[in-house]
Amino acid sequence: MEFLQQNWYWAALAAASGAWLLFDLARSQGDKSQLSPVEATLLINREDAQLIDVRDQGEFAGGHIPNARHIPLAELERRNSELEKFKERPIILCCATGSRSAAALATLKKAGFEKIFNLRGGIAEWEKAGQPLSRKRK
């Protein structure tokens with residue numbers, strides 16, 4: 001007890017960080033549009049999901065998920081007609097960390113796509129999970 005009294009600021013910091021982690025966990029559990037690399041792989045294999053990489057050309061050339069279609073975020077609205085043929089299939093969006101693909105998800109939702117998902121953590125998380133990358137040009 002004496003330790004807590006002398007180091008109250010550390011206890012407060014630990015409590016605040018724990019609360020933040022619980023809040024973040026609860027928030028991410030409610031969002032079914034976010035997929036882990038394992039969940040994305042299952043969706044690709046079981047439901048023939050189409051992967052869309054929204055990174056810039058240089059990033060895509062540096063390594064991308066095999067069979068991913070490249071449509072940079074800046075071109076997505078103009079090129080979303082290319083995705084019409086995939087409207088009945090699940091679409092998984094990815095970028096470097098998941099931020100740009102979250103913006104792409106909102107764009108496609110507005111365009112009427114329903115089965116759209118974001119690869120949580122992006123290519124960084126995909127690599128960390130030990131999943132393969134391709135450097136082949138599409």
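All residue numbers in this chain count up from 1 along the given sequence.
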> Out of curiosity, Lys110 NZ to Glu77 CD, how far, rounded to the nearest 0.5 Å?
Replying inline: 6.5 Å
> From Ile91 CD1 over to Phe117 CZ, what is the distance, rounded to the nearest 0.5 angstrom?
Replying inline: 10.0 Å
>> Quick one: does any side-chain atom of Asp56 pair with a main-chain N or O of Gly58 as donor and acceptor, under 3.5 Å?
In response: no
> Which of these passes side-chain contact (heavy atoms from CB on, under 4.5 Å) with Ile92: Asn118, Leu43, Ile116?
Replying inline: Leu43
> Between Lys87 and Phe113, is there a donor-acceptor pair closer than 3.5 Å when you use the side chain of the first and the backbone of the second?
Replying inline: no
>> Could you work out, with salt bridge (charged side-chain N to carboxylate O under 4.0 Å, His left out) as the rule, every residue matching Lys128, not counting sequence neighbours?
In response: Glu125
>> So Gln50 and Arg69, do their side chains get closer than 4.5 Å, heavy atoms only?
In response: yes
>> For a 4.5 angstrom cut-off between non-hydrogen side-chain atoms, does Val54 reach Pro72?
In response: no
> What's the verdict on side chain to side chain contact (heavy atoms under 4.5 Å, CB included) for Arg100 and Glu59, showing C-alpha distance, side-chain angles and the deciding distance?
Replying inline: CA-CA 13 Å; Arg100 286 177 281 181; Glu59 293 173 294; 2.9 Å; yes
>> I'd like to know if the side chain of Arg135 and the backbone of Gly62 have a donor-acceptor N/O pair within less than 3.5 Å.
In response: yes
>> Could you tell me if the side chain of Ile71 sits less than 4.5 Å from the side chain of Leu83, heavy atoms only?
In response: yes
> For Asp48 and Arg89, which heavy atoms make the closest approach, and how far apart are they?
Replying inline: O-NE, 2.7 Å
>> Let me confirm one number: the CG-OG distance from Leu51 to Ser101, rounded to the nearest 0.5 Å.
In response: 10.0 Å
> CG of Leu42 to OG of Ser36: how many Å apart, nearest 0.5 Å?
Replying inline: 8.0 Å
> Can you name the residues that form a salt bridge (charged side-chain N to carboxylate O under 4.0 Å, His left out) with Arg79, not counting sequence neighbours?
Replying inline: Glu75, Glu82
> How far apart are the C-alpha atoms of His64 and Trp126, what are their side-chain angles, what is the distance that settles it, and do they pass the side chain to side chain contact (heavy atoms under 4.5 Å, CB included) test?
Replying inline: CA-CA 10 Å; His64 54 272; Trp126 181 266; over 6 Å; no
> Heavy-atom distance under 4.5 Å between the side chains of Ile65 and Gln131, does that happen here?
Replying inline: no
>> With rounding to the nearest 0.5 angstrom, report the NE2 to CZ distance, His70 to Phe60.
In response: 6.0 Å
>> Working to the nearest 0.5 angstrom, can you tell me the gap between Ile44 CD1 and Asn67 CG?
In response: 8.5 Å
> Is it true that Arg46 and Glu39 make a salt bridge, defined as a side-chain N closer than 4.0 Å to a carboxylate O?
Replying inline: no
